[in-house]
Structures are given as structure tokens and as C-alpha cells.
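One structure below.
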Amino acid sequence: MSSSETECRGPGGAAVHERGSASSGPFDRTTAVGAARYFQHCVRSGDLDAAMDCFDADSIYVTGAGAYVRGLEEIRRAVSVYVSARPDLRAHRWAGLATGDIVAWVDEWTIRATLPDGTALDMSGVSSDVLRRRPDGTYIYLVDNPYGHRYLDA
């Protein structure tokens, strides 16, 4: 499987292959991989408003071990620091398990940037996310947990 291909497993475990660039558009947000790549593109581009369109009013964003924020206003504050730095955010491997309009999403990522205060940011991890298809067919994050199992380390 190439770096621009993802394997998602749908109901019954049938593999569904989706192709797309992990670093460029256009983005088909009617697929989980397209929605995830779109969010990453928004972060890399420094487009906070577009990044916020990837969340629901009741979404949860994990900010660290045992910590999270809920709702668009709090998520905006949490992600604005990263987005303003226009980091090099990349997903290297990903998979999704779908049932109906819900997708359990896992991806392995890296992020590198220099924050406004001069701090170098060099992180990697495995996300454990939940996406939902909206009535318009696009996917959004219900839970964005970029820290995966490290959430348990609190």
C-alpha cells in the first residue's frame, strides 16, 4: 500500500481502499481519510477557521494526558497555538473502522514547528479519534485525541 493510500474497514470487516494525497487538495471530506487530510492541511496552512469546521459544537479535543476540552470555543483556543505556527503536520499510516455514520480513526503522525515564543515543537504520536458523518455527507471529529493511549498516563 502506498503512502497516499489508506485502508479502512467497513461493516463486516470488508477492506475499503481510498486514495488521496496526504499533503494536498482537493479534499473529499465525504471520506474519513479526506476529512483527516483536510484538517491536517488546515493546520499546516494556518487556517484556524477552516480547521474549526472539522469539529461539532459538542466535540472533544484531548489536550494532554487525562485532559481535554469540549466545544468549539475551547477547542479553538487549544488548537490555535499549533495552527498559528503553521507546523509541518503529517500522518504516515492510518486506518479507520466504520459502522454507519461513525468511524473509529487511528493515525500515526509527526508535527514539527517553531512556536511564536521560539520553542521548537517536535512531536510524534498515534491518534485515537472518532468521526461522524454530517447530514451533508462530510465527516467531522467528535473526539480528536492526538495522544492516543498516552491519555491514560494522567
Side-chain angles (χ1 to χ4, degrees), residues 1-8 16-65 67-98 101-148 150-151:
M1 191 175 318
S2 74
S3 64
S4 65
E5 182 178 11
T6 187
E7 179 178 282
C8 293
V16 177
H17 296 280
E18 298 180 38
R19 292 187 179 273
S21 171
S23 61
S24 63
F27 301 93
D28 181 1
R29 294 176 64 193
T30 64
T31 68
V33 69
R37 297 308 144 243
Y38 176 73
F39 177 71
Q40 292 163 8
H41 170 77
C42 293
V43 172
R44 281 192 305 273
S45 301
D47 190 340
L48 182 59
D49 290 334
M52 293 308 301
D53 187 49
C54 298
F55 295 95
D56 184 73
D58 293 326
S59 292
I60 292 172
Y61 180 79
V62 173
T63 56
Y68 66 90
V69 295
R70 181 186 300 268
L72 295 175
E73 187 176 316
E74 290 184 23
I75 293 171
R76 177 180 285 275
R77 278 195 298 271
V79 301
S80 67
V81 172
Y82 296 109
V83 173
S84 67
R86 300 177 64 124
D88 183 19
L89 170 62
R90 304 286 172 186
H92 304 285
R93 296 187 307 156
W94 53 83
L97 298 171
D101 290 338
I102 302 294
V103 175
W105 185 259
V106 177
D107 63 22
E108 186 175 74
W109 54 267
T110 57
I111 187 169
R112 290 179 178 79
T114 301
L115 298 178
D117 68 1
T119 303
L121 179 66
D122 187 0
M123 298 172 59
S124 62
V126 177
S127 292
S128 176
D129 304 327
V130 178
L131 289 89
R132 181 182 69 206
R133 185 181 1 242
R134 293 191 274 204
D136 70 0
T138 61
Y139 280 91
I140 55 150
Y141 288 93
L142 290 180
V143 177
D144 186 355
N145 176 6
Y147 299 99
R150 287 185 284 173
Y151 180 77

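Inter-residue side-chain proximity for Val143 and Asp129 is flagged as unmet; no heavy-atom pair is nearer than 4.5 Å. Within the 4.5 Å cutoff, side-chain heavy atoms of Val106 are placed close to those of Val126. The side-chain heavy atoms of Thr31 and Arg133, taken from C-beta on, include no pair separated by under 4.5 Å. Considering only heavy atoms from C-beta on, Asn145 comes within 4.5 Å of Ser128 through its side chain. Annotation: side chain of Glu108 is not in contact with side chain of Trp94 (no heavy-atom distance under 4.5 Å). Contact check for Ile111 versus Tyr82: side-chain heavy atoms found under the 4.5 Å cut-off.
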Item to check | side chain to side chain contact (heavy atoms under 4.5 Å, CB included) evaluation trace for Val130 with Ile102 | outcome: CA-CA 7 Å; Val130 178; Ile102 302 294; 3.9 Å; yes
Item to check | Worked check of ring pair (Phe, Tyr, Trp, His ring centres under 6.0 Å) between Phe39 and Phe55 | outcome: CA-CA 10 Å; Phe39 177 71; Phe55 295 95; 5.5 Å; yes
Checklist entry - Going through the distances and angles, do Leu48 and Val79 end up as a side chain to side chain contact (heavy atoms under 4.5 Å, CB included)? => result CA-CA 8 Å; Leu48 182 59; Val79 301; 3.7 Å; yes
Next on the checklist: For a side chain to side chain contact (heavy atoms under 4.5 Å, CB included) check, start with the C-alpha distance between Asp49 and Arg76, then their side-chain angles and the critical distance, and finish with the verdict.
Outcome noted: CA-CA 9 Å; Asp49 290 334; Arg76 177 180 285 275; 2.9 Å; yes
Next on the checklist: Before you tell me yes or no, could you show the steps for Tyr151 and Tyr68 under side chain to side chain contact (heavy atoms under 4.5 Å, CB included), namely the whole-Å CA-CA distance, both residues' side-chain angles and the distance that decides it to 0.1 Å?
Outcome noted: CA-CA 9 Å; Tyr151 180 77; Tyr68 66 90; 3.5 Å; yes
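Side-chain atoms of Asp101 do not come within 3.5 Å of backbone N or O of Arg132 as any donor-acceptor pair. Thr110 places no side-chain N or O within donor-acceptor distance of the main-chain N or O of Ser124, the cut-off being under 3.5 Å. No donor-acceptor distance shorter than 3.5 angstrom exists from the side chain of Ser45 to the backbone of Cys42, with no hydrogens or angles considered. Looking only at distances, a side-chain donor or acceptor of Trp109 sits under 3.5 Å from a matching main-chain atom of Pro146. Checking side-chain atoms of Arg44 against main-chain N and O of Leu89 turns up a donor-acceptor pair under 3.5 Å. Side chain of Ser84 to backbone of Ser80: a donor-acceptor contact under 3.5 angstrom is found.
Here the closest non-hydrogen pair linking Leu115 and Ala85 is CD2-CB, 4.0 Å. Across all non-hydrogen atoms, the minimal contact from Arg70 to Asp58 is NH1-O, 3.5 Å. Taking all atoms of both residues into account, the shortest heavy-atom contact from Leu72 to Met52 is O-CE, 3.3 Å. When all heavy atoms of Arg37 and Trp105 are compared, the closest pair comes out as NH2-CZ2, 3.6 Å. Of all heavy-atom pairs spanning Ile75 and Tyr61, the tightest one is CG1-CB, 3.7 Å. Nearest heavy-atom pair, Ser59 versus Asp56, reported as atom, atom and distance to 0.1 Å: OG-N, 2.8 Å.
Using a 3.5 Å distance cut-off with no hydrogens or angles, the side chains of Asp107 and Ser127 do pair a donor with an acceptor. There is a side-chain donor-acceptor pair under 3.5 Å between Arg134 and Thr138. Arg29 and Tyr139 are not linked by any side-chain donor-acceptor pair at a separation below 3.5 angstrom, with hydrogens and angles left out of the test. Donor-acceptor pairing under 3.5 Å is recorded for the side chains of Thr30 and Asp28.
Between Asp122 and Arg112 a salt bridge is recorded (basic side-chain N to carboxylate O distance below 4.0 Å). Ion pairing between Arg77 and Glu73 holds under the 4.0 Å rule for side-chain N and carboxylate O.
Atom CG of Leu142 is separated from atom CG of Leu131 by 7.5 Å, given to the nearest 0.5 angstrom.
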